[in-house]
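Contents: one structure, followed by commentary.
Below, all heavy atoms of this structure are taken into account, side chains as well, without hydrogens, waters or symmetry copies. Note that the structure is a prediction, hence the values are computed from the model and not measured.
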Amino acid sequence: MKGKFIAFEGCEGAGKSTQIKLLAAYLDKSDVPYVVTREPGGSVIAEKIRNLVLDGKNKNMSDECEALLYAAAREQHLSDIIIPALNAGKTVICDRYVHSSLAYQGYARGLGLEYVRAINFRVMLDYMPDLTLFLDIAPDDAFSRKHGADKDDRMEQQGLEFHRRVYEGYKLCLKSDKNFCAVDCRGNKEQTHANIIRLLKDKGIIN
Ligand code: TYD
């Protein structure tokens, strides 16, 4: 039996961690076995790639190197964590996945969605999430919730203009991918959680 695969996406500070915790608590109560993991990272080697790609001192990293490192981390994470968990019938909840690469590297960095799809398609094979939930909060609001950017993080150093492009990139992806859905986040965290549960039920991912 194959488990279900759920990914969370959104701009920095959109509240992914909070919503992932609430979903995990919900699955606990429903006795659904699950694994929570994250990208880039999630396994020993993939976490080493994470440190490299997010290190604020690596200012000269090329955009293409960055895109390939995210894809490399994804490959390792899939084989170490995601595929074994799905094969064991567990639900996988992943904090960020390929839509981050499409929005950040493909759109905001300008490498092109086709190029980023191509390098990731080879890595992911059939392992696309059953549903990717986009926490729809504009970066202007998300950053202020987060009380500003982390100065040691290469991606957060990019500034608001970059993060506005990331948001546009996500919006573009929403138009073409039926398994990528925006979550209404205008209410409080409990209301957003209820919206997520409703979406997961509607799509037949949870009972
Ligand atoms: P993280 O600290 O996990 O960010 P957040 O808490 O906002 O999720 O750092 C991950 C960073 O890496 C984040 O800025 C998004 C970026 N990223 C990409 O640019 N491409 C990718 O494929 C992935 C998975 C993440």
Side-chain angles (χ1 to χ4, degrees), residues 1-10 12 14 16-28 30-58 61-106 109 111 113 115-135 150 152-156 170 173 177 179-180 196 200 203 205-206:
M1 188 188 66
K2 202 163 159 291
K4 297 290 184 189
F5 185 5
I6 304 163
F8 279 78
E9 293 283 356
E12 335 273 316
K16 287 184 282 90
S17 331
T18 305
Q19 291 305 325
I20 287 172
K21 278 194 199 116
L22 290 171
L23 177 59
Y26 180 93
L27 295 181
D28 269 332
S30 320
D31 279 332
V32 174
Y34 68 89
V35 165
V36 174
T37 187
R38 69 167 180 185
E39 291 209 347
S43 78
V44 176
I45 295 172
E47 287 287 331
K48 289 186 179 169
I49 302 175
R50 176 189 177 90
N51 291 338
L52 184 65
V53 78
L54 294 183
D55 186 345
K57 292 194 281 301
N58 290 333
M61 184 178 290
S62 73
D63 294 347
E64 207 148 330
C65 174
E66 177 184 292
L68 290 163
L69 285 175
Y70 280 115
R74 183 159 300 126
E75 154 60 37
Q76 191 68 41
H77 182 218
L78 268 165
S79 46
D80 289 346
I81 305 290
I82 298 178
I83 296 175
L86 293 175
N87 287 341
K90 293 183 183 161
T91 294
V92 171
I93 306 173
C94 193
D95 186 346
R96 297 189 180 278
Y97 194 62
V98 69
H99 288 90
S100 284
S101 288
L102 293 169
Y104 283 76
Q105 284 68 53
R109 292 289 194 211
L111 290 175
L113 299 187
Y115 169 74
V116 172
R117 266 196 202 105
I119 55 175
N120 280 281
F121 188 69
R122 216 197 123 80
V123 162
M124 296 184 304
L125 306 169
D126 286 336
Y127 292 96
M128 274 304 278
D130 295 289
L131 189 66
T132 302
L133 295 158
F134 174 57
L135 300 191
D150 173 356
D152 297 324
D153 180 311
R154 263 183 72 254
M155 304 307 288
E156 294 197 23
Y170 276 129
C173 293
D177 183 346
N179 291 332
F180 185 42
I196 288 173
L200 289 169
K203 298 272 179 186
I205 292 165
I206 56 172

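Screening Lys16, Arg50, Lys21 for a salt bridge (charged side-chain N to carboxylate O under 4.0 Å, His left out) with Asp95, the sole residue that qualifies is Lys16.
Within the model, atoms CD of Glu64 and OH of Tyr115 stand 3.5 Å from one another, a figure rounded to the nearest 0.5 Å. Of the inter-residue distances, the one linking Thr132 atom OG1 with Phe8 atom CZ reads 10.0 Å to the nearest 0.5 angstrom. Rounding to the nearest 0.5 Å gives a distance of 7.5 Å between NZ of Lys2 and CG of Asn87. The distance from the OG atom of Ser101 to the CZ atom of Arg109 is 12.0 Å, given to the nearest 0.5 Å. Taking CD of Gln105 as the start and OG of Ser100 as the end, the distance is 8.0 Å to the nearest 0.5 Å. With values rounded to the nearest 0.5 angstrom, Asp153 atom CG is found 5.0 Å from Leu54 atom CG.
Residues that satisfy the salt bridge (charged side-chain N to carboxylate O under 4.0 Å, His left out) test with Glu47, not counting sequence neighbours, are Arg38.
Across Ala71 and Ile119, no two heavy atoms sit closer than the pair CB-CD1, 4.4 Å. Residues Val35 and Ala85 share a closest heavy-atom pair of CG2-CB, 4.0 Å. The two residues Leu200 and Leu133 make their nearest non-hydrogen contact at CD2-CD1, 4.4 Å. Annotation for Ser43 and Ile81: closest pair CB-CG1, 3.8 Å, computed over non-hydrogen atoms. Pairing each heavy atom of Ala24 with each of Val36, the nearest pair is CB-CG2, 4.2 Å.
At least one side-chain heavy atom of Leu23 sits under 4.5 Å from a side-chain heavy atom of Ile6. The shortest distance between side-chain heavy atoms of Asp130 and Lys203 does not fall below 4.5 Å. Residues Ile196 and Leu135 are in side-chain contact: their nearest non-hydrogen atoms beyond the backbone lie under 4.5 Å apart. The shortest side-chain heavy-atom distance between Met124 and Val98 falls under the 4.5 Å cut-off. Residues Val32 and Tyr26 fail the side-chain proximity criterion, which asks for heavy atoms closer than 4.5 Å. Side-chain contact between Leu78 and Tyr97: present, with at least one pair of heavy atoms (C-beta onward) separated by less than 4.5 Å. Looking only at side-chain heavy atoms (C-beta outward), Cys94 and His77 come within less than 4.5 Å of each other. Inter-residue side-chain proximity for Ile206 and Leu27 is flagged as met; some heavy-atom pair is nearer than 4.5 Å.
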List the steps, then state whether side chain to side chain contact (heavy atoms under 4.5 Å, CB included) holds for Tyr34 with Asp28. CA-CA 8 Å; Tyr34 68 89; Asp28 269 332; 3.1 Å; yes
Tell me, with the steps shown, if Leu69 and Met61 meet side chain to side chain contact (heavy atoms under 4.5 Å, CB included). CA-CA 10 Å; Leu69 285 175; Met61 184 178 290; 3.6 Å; yes
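Ring-centre distance between Phe180 and His99: below the 6.0 Å cut-off. Outside the 6.0 Å centre-distance limit, the rings of Tyr104 and Tyr70 are not counted as a close aromatic pair.
A donor-acceptor pair under 3.5 Å is absent between the side-chain atoms of Gln76 and the main chain of Ala46, judged by distance alone. Without hydrogens or angle criteria, Arg154 side chain to Val53 main chain gives a donor-acceptor distance under 3.5 Å. Asn120 places a side-chain N or O within donor-acceptor distance of the main-chain N or O of Val116, the cut-off being under 3.5 Å. Side chain of Asn58 to backbone of Leu52: a donor-acceptor contact under 3.5 angstrom is found.
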